[in-house]
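Have a look at the structure below before the remarks.
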Amino acid sequence: MYSRSDELFEKSKRLMPGGVNSPVRAYQAVHRSPVFIDHAKGSKIYDVDGNEYIDYVCSWGPEILGHADGRVIHAVQEACSKGLTFGAPTEKEYILAELVQELMPSMEMMRLVNSGTEAVMSAIRAARGFTGRNKIVKFRGCYHGHSDGLLVKAGSGAMTQSVPDSLGVPADFTRNTLVAEYNDTDSVEKLFEQDGNDIAAIIVEPVAANMGVVLPRAHFLQDLREIADRYHALLIFDEVITGFRVALGGAQAYYHVRPDLTTLGKIVGGGMPMAAYGGRRDVMQMIAPLGGVYQAGTLSGNPVATAAGIATLQILREQKGLYERLDRITGRLAAAVQESLGSHVCVNRIGSLMCVFFNDGPVTDYVSARRSDTEQFADYFNYMLDHGIYLAPSQFESMFVSYAHTDEDVEKTCRIIRKYPRG
Ligand SMILES: *Cc1c(COP(=O)(O)O)cnc(C)c1O
């Protein structure tokens, strides 16, 4: 059933660490070898052995319209025919930036970059440059990419493999990273009481989606806004997952909290490698060549990537009822999962972003997320994969639903879950 995947995995292991180009793809946490993908269309993904799956990974978020949407593919093909990269400004960069600003008005000025990691790294540099301060506050279980200073208590990949920190990161590089508890305002207050005058920024996933999905409790984000203001620190929302996902305007629109800086990735590139950071004009004016904070990129604002991003954001903006439908379909799925698996699981959801924790719940922070039964999850994952349902291979990753998912897809998924023997 998986013979071609197994063969490719054996070969790939010789050339790439763990046979993969990003660690969670290796399926270590679910005790099997990964399936290799051949193609995908709409809500379905197909492996190299010809198996079809309903895809709830959606490339870890970007494919909110479903795979290979004709309009996005057409935009990419048209862009390709004009050349793949120029290393010079193009109109598409402006069009995309204008779209982002329209949908997310806090992005007064921005830079396009190539990955979420790069966006976060650059936003933090901007915050430090602007405030003249060194320290940042992050939250346990939040992931902000793999740059040195942020690989501290970093969630998902690192969490799955029980390696909370990374080798190769000098202690000196993380000395300025302070760690608070998600949903715990007091833990942030304490850090500010000690170091408030040297904290450049608080960085947070406004909905945590890298320790499973953990929603902010009422006022948590407002509290962060208030603390940052009181100490003249910046508030950075890492909306690499939540941007254009939990609402068209991201979590900042959903929760009505305006960050100073925002990082975007995943959906903003429409499936191509692209990301962005931006926010307050006075902060972004610190970036070279206007100011003294250096940040650059050979392929930044790439014409093919911007074409995919523009097409995706335009559809998200123009398709009436898109977010309502995502919410309705995912709500049905969440309710069915909770009903089938009962008190064994805690389902957290916002819009089309959800997580099934094998945990009595409630899951409100890193510690409660950690209490999940990861072996039970692995068993469930394997059952689902063998029955044609493609989930992220870790208890601490999210499920993503796309606009291409149909009621029939959800109905089929629910039928399979109902028959899960350990349910
Ligand atoms: C995925 C992710 C990143 C990193 O983005 P890459 O494109 O993988 O570098 C950063 N922050 C959050 C919240 C993410 O989910």
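Being a predicted model, the structure only gives us computed values, none of them experimental. Heavy atoms only: backbone and side chains are in, while hydrogens, waters and symmetry mates are out. First listed ligand is number 1; within each ligand, the first listed atom is number 1.
Ring to ring, Phe396 and Phe357 are not that close: their centroids are 6.0 angstrom or more apart.
Among protein heavy atoms, atom 11 (N) of ligand 1 sits closest to Asp238 OD2, 2.7 Å. Scanning the protein for heavy atoms near atom 4 (C) of ligand 1, the closest one is Thr117 N, 3.7 Å. In this structure, the protein non-hydrogen atom closest to atom 14 (C) of ligand 1 is Lys266 NZ, 3.0 Å.
Annotation for ligand 1: atoms under 4.0 Å from non-hydrogen atoms of Gly116 are 4 (C), 5 (O), 6 (P), 7 (O), 9 (O). The atoms of ligand 1 that sit less than 4.0 Å from any heavy atom of Glu205 are 13 (C). Short contacts between ligand 1 and Ser115, defined as distances under 4.0 Å to a heavy atom of the residue, involve ligand atoms 7 (O), 9 (O). Within ligand 1, the atoms closer than 4.0 Å to a non-hydrogen atom of His144 are 10 (C), 11 (N), numbered from 1 in the order shown. Per-residue contacts place Ile241 under 4.0 angstrom from the following atoms of ligand 1 (heavy atoms of the residue considered): 15 (O).
Under the 4.0 Å criterion applied to side-chain N and carboxylate O atoms, Glu324 and Arg328 are not assigned as salt-bridge partners. Taking 4.0 Å as the cut-off between side-chain N and carboxylate O, Glu108 and Arg258 count as a salt-bridged pair.
Within 4.0 Å of atom 7 (O) of ligand 1, at least one protein heavy atom is present.
With a 4.0 Å heavy-atom cut-off, ligand 1 is reached by no atom of Thr263.
Figure legend: cation-pi geometry between Arg25 and Phe36 absent, as NZ or CZ is not positioned both under 6.0 Å from the six-membered ring centre and within 45° of its axis.
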Could you walk me through whether Arg217 and Thr185 satisfy the side chain to side chain donor-acceptor pair (under 3.5 Å) test, starting with their C-alpha distance in whole Å, then the side-chain angles of each, then the deciding distance to 0.1 Å, before giving a yes or no?
CA-CA 10 Å; Arg217 63 157 180 72; Thr185 304; 2.8 Å; yes
Using the side chain to side chain donor-acceptor pair (under 3.5 Å) rule, take His144 and Glu205 through it: C-alpha gap first, then chi angles, then the decisive distance, then the call.
CA-CA 8 Å; His144 302 292; Glu205 291 182 74; 5.3 Å; no
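Under a 3.5 Å cut-off, the side chain of Asn359 and the backbone N or O of Ser368 do form a donor-acceptor pair.
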